[in-house]
Amino acid sequence: TKSSQTAGLALAYKHEKLTFNSRVYVPLNKSFLNFVDESKLADQDTKLSVDFVATHPDYKFFVGGKTDVSFATSKPGADRNIDLAQVLVGYRDADINGHVGYKETNNKGKKSRTVCFNALTKPGETTYVADVDYDLGSKSAKLTVGAQYPLSDGGSVKVKADTDKQIGLSYSNAFSKGTKFEFGSLLSVDTSGQAVSLGSSFNFNLKFTQ
C-alpha cells in the first residue's frame, strides 16, 4: 500500500485432530514501487498471527484459539504487543453448530474484552446463524442474526442484520468449478441526528482458481 510494504510467509498444518495456521509479515523498508511513501515505511512492525482448532473424531466438541502479535522492530528495545488473544469452546454437528468464547484486543493502547456466543442451525435448505458479542468494559451487547438461502440456479443469497442498525445483503454463485462470483452490499442507518440518514457500501468479487 502507499504507507506499508511487507513480505509474508504462511504455514498451515491439517490433521484429523488438529488444524493449525500461522502467518508472519515482515516489513520492507526499501520501496519497490513508485507510489509507496518511503518515509512511512520505517514505522512498520513485524506481525505474527497464529490460530488453531483441536478436535477428536469420536467427539463433537472442539477447542480453538487465535493470537495476533506485533513486534516493534522499528523501535529497538520496545516490547512485543499482543494485539488479539481469543479462546473458544464449541460443538459441531450436522444440524447445529455453536461456540462460546472470550476475546481480548489491544488496538494502539485501546483495550477491550469481549465474551461471544455463536449458534448456527440448518433445519432445512435455509441456514440460520446468530451472534452475540458482549463488551465487558462498556457493558454493552451486539446482536447479529443472519440467514443463507440456496437458489435453484446453484447460487445463494445471504442476509444479516445487527443491533448497530446495519443490514447486509449478498449473492454468490459458482459458474464453474474454478469460477465464483460474489456481490454484496452493507446498509447502515444513522438516527443520531435530526434526520435519518442511510449509508451504503458495495463489494464485487470474481474469483478464478485452478
Side-chain angles (χ1 to χ4, degrees), residues 1-6 8 10 12 14 19 21-23 25 35 47 49-51 53 62 64 66-68 83-84 86 88 90 92-101 103 105 107-108 110 112 114-135 138 140-193 195-210:
T1 68
K2 185 177 180 180
S3 59
S4 66
Q5 190 174 243
T6 61
K14 189 173 182 180
T19 300
N21 297 285
S22 62
R23 294 162 294 277
Y25 303 94
F35 67 82
K47 294 183 179 294
S49 179
V50 177
D51 64 78
V53 176
F62 62 90
K66 178 179 173 66
T67 184
D68 294 338
D83 302 321
L84 180 146
Q86 183 179 15
L88 59 88
R92 181 166 46 199
D93 198 356
D95 297 325
I96 185 169
N97 300 329
H99 68 256
V100 293
K103 180 173 66 174
T105 60
N107 184 13
K108 298 181 179 179
K110 185 179 180 181
S112 67
T114 307
V115 176
C116 58
F117 169 79
N118 169 273
L120 182 149
T121 181
K122 189 177 180 181
E125 292 186 346
T126 305
T127 302
Y128 301 95
V129 64
D131 279 297
V132 178
D133 294 319
Y134 182 77
D135 192 309
S138 62
S140 61
K142 177 183 177 181
L143 171 64
T144 304
V145 293
Q148 175 178 324
Y149 180 75
L151 302 176
S152 58
D153 63 354
S156 64
V157 174
K158 295 180 182 179
V159 58
K160 72 172 184 177
D162 60 38
T163 51
D164 286 345
K165 302 174 184 176
Q166 294 183 327
I167 301 173
L169 300 168
S170 68
Y171 169 80
S172 63
N173 199 342
F175 297 116
S176 65
K177 186 178 180 180
T179 306
K180 186 175 182 180
F181 165 82
E182 297 176 335
F183 174 78
S185 65
L186 182 66
L187 308 176
S188 58
V189 181
D190 185 1
T191 58
S192 59
V196 178
S197 61
L198 181 67
S200 61
S201 61
F202 302 91
N203 66 77
F204 168 81
N205 291 307
L206 187 60
K207 299 179 181 180
F208 300 96
T209 58
Q210 181 63 42

Visitor: Considering all heavy atoms of both residues, which atom of Asn21 and which atom of Ala12 are nearest to each other, and what is their separation?
Guide: OD1-CB, 3.4 Å
Visitor: Over all heavy atoms of both residues, which pair between Ala147 and Tyr128 is shortest? Give the atoms and the distance, please.
Guide: CB-CD2, 4.0 Å
Visitor: Could you tell me which non-hydrogen atom of Ala141 sits nearest to which non-hydrogen atom of Tyr134, and how far apart they are?
Guide: CB-CD1, 3.9 Å
Visitor: To the nearest 0.5 Å, tell me how far Asp133 CG sits from Thr144 OG1.
Guide: 6.5 Å
Visitor: Which word best sums up how the rings of Phe175 and Phe181 line up, parallel for under 30°, tilted for 30 to 60°, or perpendicular for over 60°?
Guide: tilted
Visitor: Would the distance check show the side chain of Thr121 and the main-chain N or O of Asp95 forming a donor-acceptor pair, the cut-off being under 3.5 Å?
Guide: yes
Visitor: Might you work through the side-chain contact (heavy atoms from CB on, under 4.5 Å) test for Ser112 and Lys103, ending with a clear yes or no?
Guide: CA-CA 8 Å; Ser112 67; Lys103 180 173 66 174; over 6 Å; no
Visitor: Distance-only, no hydrogens or angles: does the Thr67 side chain make a donor-acceptor pair with backbone N or O of Leu84 under 3.5 Å?
Guide: yes
Visitor: If the condition is side-chain hydrogen bond (donor to acceptor under 3.5 Å, both in side chains), which residues does Ser140 pass it with, not counting sequence neighbours?
Guide: Ser138
Visitor: Which atom pair, heavy atoms only, marks the closest approach of Asp68 to Val50?
Guide: OD1-N, 4.5 Å
Visitor: I would like to know whether Lys47 and Thr6 meet side-chain contact (heavy atoms from CB on, under 4.5 Å); could you show each step before the answer?
Guide: CA-CA 10 Å; Lys47 294 183 179 294; Thr6 61; over 6 Å; no
Visitor: Could you measure the distance from the OG atom of Ser170 to the NZ atom of Lys158? Nearest 0.5 Å is fine.
Guide: 5.5 Å
Visitor: Tell me, do Thr19 and Asp51 make a side-chain contact under 4.5 Å, heavy atoms counted?
Guide: no
Visitor: Do Val129 and Asn118 pass the side-chain contact (heavy atoms from CB on, under 4.5 Å) test, and can you show the C-alpha distance, the side-chain angles, and the key distance before you say yes or no?
Guide: CA-CA 7 Å; Val129 64; Asn118 169 273; 3.7 Å; yes
Visitor: At what distance, to the nearest 0.5 angstrom, does NZ of Lys122 lie from CD1 of Ile96?
Guide: 14.0 Å
Visitor: First locate atom NZ of Lys180, then atom CG of Leu206, and finally report the distance between them rounded to the nearest 0.5 Å.
Guide: 11.5 Å
Visitor: Donor-acceptor pair, Asp164 side chain versus Gln166 backbone, under 3.5 Å?
Guide: no
Visitor: Atom OG in Ser188, atom CD1 in Ile167: separation rounded to 0.5 Å?
Guide: 9.5 Å
Visitor: Below 4.5 Å, heavy atoms only, C-beta onward: do Leu198 and Leu187 meet side chain to side chain?
Guide: yes
Visitor: Could you go through Val145 and Leu143, starting from their C-alpha distance and side-chain angles, then the distance that decides it, and tell me whether this counts as side-chain contact (heavy atoms from CB on, under 4.5 Å)?
Guide: CA-CA 7 Å; Val145 293; Leu143 171 64; 4.2 Å; yes
Visitor: Closest heavy-atom contact between Pro150 and Glu125?
Guide: CD-O, 3.2 Å
Visitor: Could you state the interatomic distance from CG (Asp93) to CG (Leu120), rounded to the nearest 0.5 Å?
Guide: 11.5 Å
Visitor: Which atoms form the tightest heavy-atom contact between Lys142 and Thr163, and what is the distance?
Guide: CA-OG1, 3.5 Å
